[in-house]
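To start, the structure itself, in structure tokens.
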Protein chains: 2
Amino acid sequence: MKPKLEDVAKLAGVSKTTASRVLNNRGYLSDETLKKVHDAMETLNYQPNAAARQLFKRKTGLIGLIFPTVSNPFFGELVNYLEYELYQRDFKVIIGNSLHDINKETDYLNQLLAGQVDGLIVGTHNQGIEEYKYSHLPVVAIDRVVNSDIPIIESDNYKGGVLATQRLINAGVTRIIHTNGPSALETPTQRRREAYEAVMNEYGLEPHTFTIDFSLSFAEKKQRYNELFSIYPDMEALFVSNDVDASIIMTIANERGRKIPEDLLLVGYDGTDLMRNVIPELTTIIQPIENMAKIAVDVLVKRIEGIKTESEYILPVNLWEGKTSSR
Amino acid sequence: MKPKLEDVAKLAGVSKTTASRVLNNRGYLSDETLKKVHDAMETLNYQPNAAARQLFKRKTGLIGLIFPTVSNPFFGELVNYLEYELYQRDFKVIIGNSLHDINKETDYLNQLLAGQVDGLIVGTHNQGIEEYKYSHLPVVAIDRVVNSDIPIIESDNYKGGVLATQRLINAGVTRIIHTNGPSALETPTQRRREAYEAVMNEYGLEPHTFTIDFSLSFAEKKQRYNELFSIYPDMEALFVSNDVDASIIMTIANERGRKIPEDLLLVGYDGTDLMRNVIPELTTIIQPIENMAKIAVDVLVKRIEGIKTESEYILPVNLWEGKTSSR
DNA sequence: TTGTAGGCGTTATCAC
DNA sequence: GTGATAACGCCTACAA
């Protein structure tokens, strides 16, 4: 079967120890044995066994990522950058998509927390995981509050909400609707709603937040957003909490004969590379995804190495000015 | 630190063996010891060590996925489905994004092939990996030719090319341009080009394939596609090899004052859930992504279990009729 | 400069 | 029903 170090040693005529030393470049070795062992490895096509190494070193070189789904551009780009940053630091990535399946999320967390990985980056709610289970493993959260011990990396959601709302008010409209996820979920995206409501109130305008579950299918979302149009037939503008949903709304508006921007203004959220290129006309708030990934990895690695870090990192957002936010 | 089975055994007043039996529900056990051991695990918050298990069982429960990048909707959705299917069969997923970095791809493959995983699903070119290295590990390829031993799962790219080209010809145009990746890469997407050329020739039309590297950034792609418009100022239609690029072309056409579809027809490729909802007006060829994932996992699992499989699976595609393919 | 021995945590075999 | 023991493949004191 697969050759082990002992086979290499035997072939090279040395002991396992010496072969191991060659493998890991440790200690003094004569050029001759060096060559013999290297040759033996070559001819046997030897590759060290990962499990055995992990067992001995008591680390796995793996980081777990738990996110709703990589098929959404925001999480896709985020995971892409996270994987890149982790690779730079010699970590590989185990990924779990938890959308639509709370059991799966719990299951994953339990298994990964059990020592399958050296650390964890989570972007989900983690309901049903007892706090003490986190105690043995470094964890970092992106855009989610997990518990007080776990550092959180997020962009400035409140500022983003202010920028978006302000932009629409500056465009001269007053009947502005906001869409967001269920407020029961204690996610940072709720700060966008808080900002929206604060700014609206500040201007003496009435805030209306339309709640929609992010995990709905496209078909279900379409139906919900059609309801939105029926509930607020005289709305003049929408601040939508992500760009994909904003694009669905653009389609619906089109079907219903409401022209954007002449007849309805729109601001989205996230500003992924993909969506900014696919729908460049959509005004949106850009989250610094790459930077969020960098910092998340930085903080996680520090925690793994036992170095203290801040417990909250809030990164700045930017307004991307498209054509959907002014007439 | 982390409790091991021995600690559990000691606390419960039994041997490691018995504790292990309880853990794995094996053999006969008295209700009393069962309870004692369970209690001990509870109070210690015991979790079995993954590396030790892997070492003993000589399997990892992990499958490696190597794809260009999950930030592209096609691969994002594919990986999402793959992860889902694998989870159903008790496999976790290690992911490597190889875009822009051939060394990283090689590095990943070498490491994963070394036994870090029980199997591999690849969607990249794998240049520079010697064939024999694949010999120890079950591998399945999606949309790529790796080598003769490795089964390939793909959608019917030739048929897709025919459908797209035919659709445009039926719309009454003759100057139809096709875009695709470098033909030096022996990828199945080249069959779309072959189909395009065959159909064009069949109708006595002159095929023109515009080559563009898929791994370019958005900015670079924009520049390239602007060149395309300059090179073929009188083109009447485009068959673009993916939907994201098609959307970039829509933006450029718009900037250049070429109205779609009045002035330029367009057919894309891939038909991901995301793009079909974000740009429903784009006519495209739908690849059966979910099904490709299912079959890939199916075949891989069979190979892991030593069951023979076909060496090629070609899945049917469909035309999604939007508004960009007829006047 | 190289070799011997023991342990990382788990499981299976074989006795009792 | 339960317990010793060896083995999975690698690495590092310690000895030589």
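Computation of the quantities below employed the complete heavy-atom set of this structure, encompassing side-chain atoms and omitting hydrogens, waters and symmetry-equivalent molecules. Predicted, not measured: the structure shown is a model, and the values here were computed from it. Letters go in sequence order (proteins before strands), and every chain restarts at 1.
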Let me know the distance between [atom1] of [X] and [atom2] of [N], rounded to the nearest Å.
| X | N | atom1 | atom2 | answer |
| --- | --- | --- | --- | --- |
| A:L5 | D:dT12 | CG | C1' | 13 Å |
| A:K16 | C:dT4 | NZ | C1' | 10 Å |
| A:N49 | D:dA7 | CG | C1' | 13 Å |
| A:R58 | D:dC10 | CZ | P | 18 Å |
| A:K4 | D:dC8 | NZ | P | 5 Å |
| A:L55 | C:dG6 | CG | P | 18 Å |
| A:K36 | C:dT1 | NZ | P | 14 Å |
| B:R26 | D:dG1 | CZ | P | 18 Å |

| Would you say the side chains of A:Q116 and B:Q47 form a donor-acceptor pair under 3.5 Å? |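 There is no such pair (donor and acceptor under 3.5 Å, judged by atom type) between the side chains of A:Q116 and B:Q47.
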| side-chain N/O B:S20 vs C:dT11 OP1/OP2, d < 4.0 Å |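 So the side chain of B:S20 is within the cut-off, an N or O lying under 4.0 Å from OP1 or OP2 of C:dT11.
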| task | Considering just the side-chain nitrogens and oxygens of A:Y46, establish if one lies under 4.0 Å of OP1 or OP2 belonging to D:dC10. | result | yes
Check whether any side-chain heavy atom of [X] lies under 4.5 Å from a side-chain heavy atom of [Y], and answer yes or no.
| X | Y | answer |
| --- | --- | --- |
| A:D7 | A:K2 | no |
| B:V22 | B:H38 | yes |
| A:E83 | B:V70 | no |

| Can any side-chain N or O of B:D118 pair as donor or acceptor with the backbone N or O of B:I63 at less than 3.5 Å? | no
| request: Map A:L23 and B:K57 onto DNA chain D by nearest heavy atom, then report which one ends up closer to the 5' terminus. | output: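 It is B:K57, whose closest nucleotide lies nearer the 5' terminus.
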| said: Need to verify one output field. Residue with the more 5' nearest nucleotide on DNA chain D, B:F56 or B:T18? | reply: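 Closest to the 5' end, via its nearest nucleotide, is B:T18.
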| task | Indicate, yes or no, whether a donor-acceptor pair under 3.5 Å links the base of D:dG3 to the side chain of B:R21. | result |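 Side chain to base: pair present.
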| task | Test for a donor-acceptor pair under 3.5 Å between the base of D:dA4 and the side chain of B:T17, counting only N and O atoms. | result | yes
| note | Regarding the side chain of A:P48, the nearest nucleotide among C:dG9, D:dT2, D:dC10 is D:dC10
